[in-house]
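Chain letters run A, B, ... following the sequence lines, proteins first, then strands; residues in each count from 1.
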Amino acid sequence: MEVRYIPGTIEPKWQAIWAANPALYAAEPASGPNASTKPKYYVLEMLPYPSGQLHMGHVRNYAIGDALARYMGMQGYNVLHPMGWDAFGLPAENAALKNNTPPRQWTLQNIAAMKRQMQRLGLAYDWANEVTTCLPDYYRWNQWFFLRMYERGLAYRKQSKVNWCNLCATVLANEQVIDGCCWRHEDTPVELRNLEQWFYRITAYAQELLDGLDHLPGWPEKVRTMQRNWIGRSEGTEVDFGVEDFPEEKIRVFTTRVDTIFGATSVQLAPEHPLVEKLIAGNSALADAVAAMLDEQKRAREAGDLGAVEKQGIALGSYATNPYSGERVPIWVANYVLMEYGTGAIMSVPAHDERDFEFAVKYGLEIRKVIEPIIKSVKTDESVALPFISEDGLLVNSGTYDGLSCETAQKKLQAVAAAAGFGEAKITFRLRDWGVSRQRYWGTPIPMVNCPEDGLVPVPDNQLPVLLPEQIEITQEGGSPLSRVSDFLHTTCPKCGGPARRETDTMDTFVDSSWYFYRYTDAQNSNAPFDPAVAKYWFPIDQYIGGVEHAILHLIYSRFWTKVMRDLRLIVNDEPATRLFTQGMVIKDGAKMSKSKGNVVSPDDMIARYGADATRMYSLFAAPPDRDLDWQEDGVAGISRFLSRVYRLVMRFAPIALVGAGKRREAAPAGVSLALLRKLHQTIAKITQDFSGRWHFNTTIAAIMELVNELFAAESSLATGEVSPAVVGELLRSLVLLLAPLAPFLSQELWAELGGKGEVFKQPWPVSDTALAREDEIEIPVQVNGKLRAVVRVPADADKAALEAAALSDAKVQEWLAGKTPVKVILVPGKLVNLVVK
RNA sequence: GCCCGGAUGGUGAAAUCGGCAGACACAGCGGACUUAAAAUCCGCAGACCGCAAGGUCGUGGGGGUUCAAGUCCCCCUCCGGGCACCA
């Protein structure tokens, strides 16, 4: 009777054996008497939020990372492959409200459940260095870093706008604002309130974060572009315009095109600009108009479609003075000018800016051309239409600057402004400082105390961690939950010992994920976030793998944190990861899997039906890892069938392989043996290459399938002894080793069946014998006028002359040549022949 | 609007450096085994014409470079993603 492949019995068996020996997945130490002598390799998958359930996107992410980790281990690297939990965040509070379960309990239960799923999947994680961000031994270091940043002026407090729901009487996270309304009160528009918030000064590193992108060739171009746009550097000039009737006031504008300043026919202020109030004082009609504009803008901002609002302006009846020309231009308030960018004021040059043009046309403002385009073609005598945006021109109507190129004029105008003290060259970034305050419970408490005597006082290091209180009633009423916990709120001032109040904001969860991968190198350390020597050994991460949805926030915060830690002299690397890989989404029926679409496929369900190996392997087979993957259950069944074929093949011939164990294979294999060994060594070469960077595991698996198909086709030769037991052994053992990174359970089972000792993933990766892999005869396509007409068999090393002779002697080729002699013969040895006839 | 991706059989895809388009699978069809089914095994399978041999066409559309284009260049359409009043 034929043995059957039953993953449901094989997989749990090995899972239990491996779980009992956690050292199997541990990296060798970085230093000390047992220090590793191997090269290091740090492979990291983005840590999940412990929602309680893995989804297919996770499975795909971890299947990629695990295949790589196992492969690199077999290649002789000292591999660090850790896992942890991004465990703070709002869902735990929501669950607490809904089920009356404390957030900590809910989170830890979810972690346990997901860890079981990961182990069931056979993922080779070093659980000894597991990191759970909601536990004090981790978040105390968030607080420690906060204090270091505070000392250096990198953490600071300022007024900022937050989302506020009046009915809930609390601040909402951005995610809780749905179409401008509260998620719990659908008819209640969210307000923007000004509150004191904590910020991390990421802008201090803006230039370095930008420059660093040029030195990350191992990151996808897409991610680098997104970060560049996000940082948004622009070079320009700040210029002070004078204000008529207010000699003490200046309007400082930011422009990238100071060369067009003689064409400025108005100055535009953001509605929130501090000067607006002064200029409208005593004029209630103007005040009402500005208030209405602010109101509309606020609503648009809350609804998230600020860009859709029509451009509007209000002429204030006041005038500004162009410092270069002394010209008097009207001051307007415009709703498209952003207070948060530049200086909150612009000069409007309708002739050379699209938006200014649109605005000037609408309100009948003067459009004055000050750049004459350099017309390249003499034939074009009609003037170029305005607005003319390009810098490819010369200045006109610009006083003494006429005739200068745009570039020269910019430099000259900057120099004049700087000398006269009314302006300067300025680089502006779109990037803003990182607001880390959250008026939520389930996060890292910010380690600051507010003392009536001493003001803001940092909690001393030796009083860390500031523990998050466990017994807390979570409600949606009354603002920050921690402010209602009396024991937490009331404390003593570290400086004067008098009564004081704690900061009740907690940190954004992106803080947790900004440095967790450093903690993995030394997760047990209770004296420091990690040992710098150990981090130096492991960093930078050799390969980071995750979804592209983290291209900006997480990956820019992580880079920022790395630079801060470097400046704290904790690490020596400038960037966290040398290589980044962003995997595609998992799609089903044309849409991303989601509960609302009802197209979610549960990993547990797949594992129960087809096994972990088949589920993992399908997620690698269905598409190259960087592309979106269309989940088709029939495909999983197909992989399961393939694994079953492998199982039957190896089980059938394992007894023969065992006979050949330890025996040397014949020196010059021939016939079927040679053909099979050749295919094997070609497959080894192909897969080794796939793993070395291209990562097209779909073709890796296809290559193994081809090998297995050939072995099945030669089944009778294997059975009759035509192929020697030594060769059978080599074929089967190598096959199992090739599968080891992809199907860990099945390959382990078969490795044991073949008499292998220990763990299959601890064996050295097979090496391709190039001599054996080489074909001695190959088929060469022969084209006549670029069309395939024949295929000829020639020795693999046939030179051009031999190729030509073989092609010309072919009967079909002769027929197509019809007696003519080729005018041109293209000979590509090893590839093809093309005969060109007229 | 701007910036990235992508488009190849009925389906997922392959073709890594310009050299046989469709490997490997899925679904399908035909056959073997079976009382039957499942499982397994063998075979067919881009479209069109043809009994066949074979031929013609064919990688979103149009043009170009080349002996040769899915691949390179120019223009366009559609789909997905990111950013978006950034001065």
Side-chain angles (χ1 to χ4, degrees), chain A residues 2 4 220-226 228-230 232-234 236 253-257 260 268 270 297 300 305-311 334-338 340-349 353-356 358-359 428-431 548-549 551-552 584-585 587 590 592 618 621-624 626-639 641-642 644-645 648 686 689-690 693-694 696 698-706 708-709 712-713 715 779-791 812 822-828 830-837:
Chain A
E2 195 88 72
R4 279 193 61 199
E221 188 52 47
K222 178 181 180 167
V223 172
R224 292 193 285 162
T225 305
M226 282 165 74
R228 271 189 206 104
N229 293 341
W230 187 261
R233 180 185 199 268
S234 72
V253 303
F254 173 71
T255 176
T256 53
R257 290 297 304 276
T260 65
Q268 313 273 350
Q297 211 172 7
D305 53 8
L306 203 57
V309 178
E310 203 193 332
K311 288 176 190 37
N335 63 350
Y336 67 90
V337 180
L338 305 172
E340 309 86 62
Y341 183 77
T343 58
I346 63 165
M347 63 177 199
S348 180
V349 184
D353 181 278
E354 302 240 13
R355 247 181 353 213
D356 293 348
E358 189 189 329
F359 191 85
T428 299
F429 292 95
R430 209 193 73 107
L431 183 72
V548 74
E549 65 272 19
I552 296 179
M585 289 187 297
I587 302 285
K592 185 178 179 175
Y618 174 72
F621 178 66
D626 52 343
R627 265 215 243 171
D628 286 352
L629 182 155
D630 187 79
W631 194 271
Q632 296 184 353
E633 193 170 328
D634 284 335
V636 191
I639 291 288
R641 236 175 350 250
F642 165 69
S644 170
R645 272 163 71 79
R648 275 184 284 117
K686 193 217 162 0
Q689 209 195 351
D690 270 351
R694 207 172 78 112
H696 279 203
N698 51 335
T699 62
T700 300
I701 294 166
I704 300 177
M705 286 173 167
E706 284 187 50
V708 170
N709 288 345
F712 261 103
E715 224 178 344
E779 291 191 333
I780 298 288
V782 182
Q783 299 178 336
V784 178
N785 286 340
K787 293 201 172 169
L788 179 70
R789 296 305 182 191
V791 177
K812 291 205 62 176
V823 293
K824 193 165 182 183
V825 179
I826 313 284
L827 297 160
V828 188
K831 289 281 185 195
L832 102 169
V833 176
N834 188 9
L835 306 168
V836 185
V837 288

Closest approach to the side chain of [X], judged atom by atom: which nucleotide of [options] is it?
X: A/Ala702; options: B/G12, B/C24, B/C20; answer: B/C24
X: A/Lys787; options: B/A87, B/C57, B/A13; answer: B/C57
X: A/Tyr336; options: B/C85, B/A25, B/A13; answer: B/C85
X: A/Arg648; options: B/C20, B/A14, B/C41; answer: B/C41
X: A/Arg694; options: B/A87, B/G19, B/U16; answer: B/U16
X: A/Gln783; options: B/A15, B/A13, B/G19; answer: B/G19
X: A/Glu706; options: B/C24, B/U16, B/G19; answer: B/C24
X: A/Lys812; options: B/G54, B/A25, B/A15; answer: B/G54
X: A/Leu832; options: B/A87, B/G19, B/A14; answer: B/G19

Quick one: [X] [atom1] to [N] [atom2], roughly how many Å, whole number?
X: A/Lys311; N: B/A87; atom1: NZ; atom2: P; value: 14 Å
X: A/Ile639; N: B/A27; atom1: CD1; atom2: P; value: 12 Å
X: A/Asp626; N: B/A13; atom1: CG; atom2: C1'; value: 13 Å
X: A/Glu221; N: B/G6; atom1: CD; atom2: C1'; value: 17 Å
X: A/Asp634; N: B/C26; atom1: CG; atom2: C1'; value: 6 Å
X: A/Gln632; N: B/A13; atom1: CD; atom2: P; value: 8 Å
X: A/Leu827; N: B/G19; atom1: CG; atom2: C1'; value: 12 Å
X: A/Arg627; N: B/A13; atom1: CZ; atom2: C1'; value: 7 Å

Does a side-chain N or O of [X] approach OP1 or OP2 of [N] to a distance below 4.0 Å, or not?
X: A/Tyr341; N: B/A87; value: yes
X: A/Lys686; N: B/C24; value: no
X: A/Arg641; N: B/A27; value: yes
X: A/Asn709; N: B/A25; value: yes
X: A/Thr699; N: B/A13; value: no
X: A/Asn335; N: B/C85; value: no

Kindly say whether [Y] contributes a backbone atom to a donor-acceptor pair with the side chain of [X] at under 3.5 angstrom?
X: A/Asn698; Y: A/Phe621; value: no
X: A/Asn834; Y: A/Gly786; value: yes
X: A/Tyr618; Y: A/Gln632; value: yes
X: A/Arg430; Y: A/Trp230; value: yes
X: A/Asp628; Y: A/Gly584; value: no

Within the supplied structure, the quantity of interest is the number of heavy atoms (other residues, nucleotides, ligands) at a distance under 6.0 Å from A/Glu549 CD; does it exceed 12?
yes
Quantified in whole Å, what is the C1' atom distance between nucleotide B/G19 and nucleotide B/A69?
10 Å
Nearest heavy-atom contact between A/Gly236 and A/Phe254 is CA-CE1, 3.8 Å
When you match A/Asn785 and A/Arg789 each to their closest nucleotide on RNA chain B, which lands nearer the 5' end?
A/Arg789
With sugar-phosphate meaning primed atoms plus P, OP1 and OP2, does A/Glu354 contact a base, only sugar-phosphate, or nothing at under 4.0 Å between heavy atoms?
nothing
If the glycosidic angle is within 90 degrees of 0 it's syn, otherwise anti, so just tell me which one B/G9 is.
syn
What form does the base of B/C17 take, syn (within 90° of 0) or anti?
syn
Show the distances under 3.5 angstrom between N or O atoms of the protein and N or O atoms of nucleotides 77-84 of chain B.
unit_1	atom_1	unit_2	atom_2	d
B/A84	OP1	A/Arg430	NH1	3.0

Contiguous pairing runs of three or more, Watson-Crick or G-U under 3.5 Å, that involve RNA chain B
B:1-7 with B:77-83, B:10-12 with B:24-26, B:28-32 with B:40-44, B:46-49 with B:54-57, B:60-64 with B:72-76
Show your working on salt bridge (charged side-chain N to carboxylate O under 4.0 Å, His left out) between A/Glu221 and A/Arg228 and close with a plain yes or no.
CA-CA 10 Å; A/Glu221 188 52 47; A/Arg228 271 189 206 104; 3.5 Å; yes
Within the structure provided, determine whether A/Leu832 and A/Val782 are in side-chain contact (heavy-atom separation under 4.5 Å).
no
